[in-house]
Protein chains: 2
Amino acid sequence: MTRPRSVSARNKLVAAAAEILLHEGVGAITAEQVARRSGVAKTTLYRHFGTTDALVFAVVEANVAAIKPPDTGTLRGDLAEIHRGYLDVAIVQQSRELFVWMVARSIEDPANRELFRRARVQPRGPTVLALQRAIARGEIDPDVDVEMAMHLIQGPLISMRIVDNSEVSERDLDTMLDMTVRALGAGHL
Amino acid sequence: MTRPRSVSARNKLVAAAAEILLHEGVGAITAEQVARRSGVAKTTLYRHFGTTDALVFAVVEANVAAIKPPDTGTLRGDLAEIHRGYLDVAIVQQSRELFVWMVARSIEDPANRELFRRARVQPRGPTVLALQRAIARGEIDPDVDVEMAMHLIQGPLISMRIVDNSEVSERDLDTMLDMTVRALGAGHL
DNA sequence: GTTATTTCGCTACTAACCGTTGCGAAATGA
DNA sequence: TCATTTCGCAACGGTTAGTAGCGAAATAAC
């Protein structure tokens, strides 16, 4: 080992990519653009990340803030907070575009599949915690399939917001949570 | 009006695109490929469809077979059949890729947004019918928000199959339907 | 049947982008 | 010091979208 990769070059690339992502969307990310705006050579970009896709995933991974897990005392309250957290993301259009982009790229390239999987671990945390507390509280069946519960909780929001691009009103959220919580059997035991 | 657009040329383009879509996936669709395989000039493709995206949506629209709506006598039974219908699509990987592609393109271009919306009308039919019958039967609340019910029914499947790329076993389907049906309040009235 | 108009097919073109190569210069671990 | 690797730069090959120009063919209208 003689000379390590320049950390500063890497940071500049991630920062520039994040900038473009935020202001122009993921469609505007090209190797040349990122290189120009970061002041780092395009060749260096490829040496560090291999592909532009990997760079974008790196930006996402660096920005998946650990959403502070809510603890309202009820499953419904926790899920409401979590959903509001997703909906309140400032750059709504951007996040929708980015989410779909990640799914698409994870289909096209197996390498991206793993990167996408890792990017989704953090965001799932709060929901898993909320479910565990609900179980501890005796609010829902302790033998609930947590994986399936995740899909039941997140699926409707994905279908509505991401696929259909519908606005989710406070009233919609209410209806959705009523159904979801009932699905999980809360209040049945 | 002097000479109409050649219907045969259009059909050849759609057929060739469908062929490529089926065997190589949506990523392999390029104007030049479609032109070559259809024997129709690339310029003619653009004259007919404007963009390659519009051609792909035309293929989808031509192939969204009206899924025969099941009628098993219970909401759960109907939904099970509908879900199995989606999962049994022969070209599973292709349909996943195509679905995500459509969502992505509908975000990128407003023109595609409308095309995607139209492509989704047909597939929703059976589910809406199943819900209406369940209401008529008194199986679920007659004031149910049908739009939201759609998201609740389709969302988990989308989250699991499309986003996560997980296999959906017969057992998973069972668990999912238990939760969904309970969410809709079946058996509560 | 003639004619005006439009489409069709062809070739060539511009423009954008990905990812690579080859090079000299600079940095750095040993 | 010095061997090794990275960095920045410029240029390149390959692919694709969409367009331009043109002669030939089709067809609606008369």
Side-chain angles (χ1 to χ4, degrees), chain A residues 1-17 19-21 24-59 97 101-102 104-112 115, chain B residues 1-17 19-21 23-59 97-98 101-102 104-112 115:
Chain A
M1 219 168 282
T2 55
R3 184 188 169 181
R5 292 267 162 82
S6 161
V7 176
S8 122
R10 188 186 197 278
N11 289 343
K12 280 179 197 160
L13 286 168
V14 172
E19 191 85 3
I20 296 172
L21 223 46
E24 304 174 53
V26 70
I29 297 265
T30 72
E32 258 135 21
Q33 275 294 315
V34 175
R36 202 173 52 72
R37 291 180 63 145
S38 65
V40 173
K42 188 171 63 157
T43 35
T44 304
L45 188 161
Y46 283 109
R47 268 189 283 259
H48 278 255
F49 295 97
T51 65
T52 47
D53 284 8
L55 171 57
V56 174
F57 277 104
V59 173
E97 189 192 16
W101 180 92
M102 287 191 290
R105 294 306 175 129
S106 72
I107 292 175
E108 287 174 23
D109 187 343
N112 291 334
L115 295 175
Chain B
M1 219 169 282
T2 56
R3 183 185 170 182
R5 292 266 162 82
S6 161
V7 176
S8 121
R10 189 185 197 278
N11 289 342
K12 279 181 198 157
L13 286 168
V14 172
E19 192 84 1
I20 296 172
L21 222 46
H23 293 113
E24 305 175 53
V26 70
I29 296 267
T30 71
E32 257 135 22
Q33 276 294 316
V34 175
R36 202 171 53 69
R37 292 180 61 147
S38 64
V40 173
K42 186 171 65 157
T43 36
T44 303
L45 187 162
Y46 283 110
R47 269 191 281 260
H48 277 255
F49 294 98
T51 66
T52 47
D53 284 8
L55 171 57
V56 174
F57 276 104
V59 173
E97 188 193 18
L98 188 54
W101 180 92
M102 287 191 289
R105 293 307 176 130
S106 72
I107 293 175
E108 284 174 25
D109 188 341
N112 291 334
L115 296 176

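Residue numbers start from 1 in every chain, and the chains themselves are labelled A, B, ... in the order their sequence lines are given, proteins ahead of strands.
The closest donor-acceptor contact from the side chain of A/Thr44 to the backbone of A/Val40 lies at 3.5 Å or more, if one exists at all.
Straight-line distance from the OH atom of B/Tyr46 to the P atom of C/dT14: 17 Å, rounded to whole Å. At whole-Å resolution of the value, CZ in A/Arg36 and P in D/dG8 are 16 Å apart. Straight-line distance from the CD atom of A/Gln33 to the C1' atom of C/dC18: 14 Å, rounded to whole Å. When rounded to the nearest whole Å, the span between CD1 of A/Ile20 and P of C/dC17 equals 11 Å. One can place CG of A/Leu55 at 11 Å from P of C/dC18, the figure rounded to the nearest angstrom. Between A/Leu45 atom CG and D/dC7 atom C1' the separation is 13 Å, expressed in whole Å. The CZ atom of A/Arg47 sits 12 Å away from the P atom of D/dC9 (whole-angstrom rounding). Between the CD atom of A/Glu24 and the C1' atom of C/dA16 there is a distance of 15 Å, given to the nearest Å.
In the set D/dA26, D/dC7, C/dG19, the nucleotide with an atom closest to the side chain of B/Arg3 is D/dA26. Comparing C/dC8, D/dC7, C/dG9 against the side chain of B/Arg5 picks out C/dC8 as the nearest. Listed nucleotides: C/dC8, D/dT6, C/dC18. Nearest to the side chain of B/Ala9: C/dC8. Here D/dC9 is the nucleotide among C/dT11, D/dC9, D/dA17 with the atom lying nearest to any side-chain atom of A/Thr43. The side chain of A/Lys42 approaches D/dA11 more closely than any other nucleotide in the set D/dA17, D/dA11, C/dT7.
Summarising the geometry, atom CG belonging to A/Leu115 is positioned 10.5 Å from atom CE belonging to A/Met102; distances are rounded to the nearest 0.5 Å.
Residues A/Ser38 and A/Ala35 come closest through the heavy atom pair OG-O, 3.2 Å.
Heavy-atom nearest nucleotides on DNA chain D were determined for B/Thr52 and for A/Thr44, and the one closer to the 5' end corresponds to A/Thr44. Each of B/Glu32 and B/Ser6 has a nearest nucleotide on DNA chain C; the 5'-most of these lies closest to B/Ser6. Across the interface with DNA chain C, nearest-nucleotide mapping of A/Asp53 and B/Ala41 shows B/Ala41 to be the residue nearer the 5′ end.
Using a 4.0 Å cut-off between a side-chain N of Lys or Arg and a carboxylate O of Asp or Glu, A/Arg36 and A/Glu19 do not qualify as a salt bridge. B/Glu32 has no carboxylate O lying under 4.0 Å from a charged side-chain N of B/Arg37, or vice versa, which leaves the two without a salt bridge.
For A/His48 and D/dT6, the shortest distance from a side-chain N or O to OP1 or OP2 is not below 4.0 Å.
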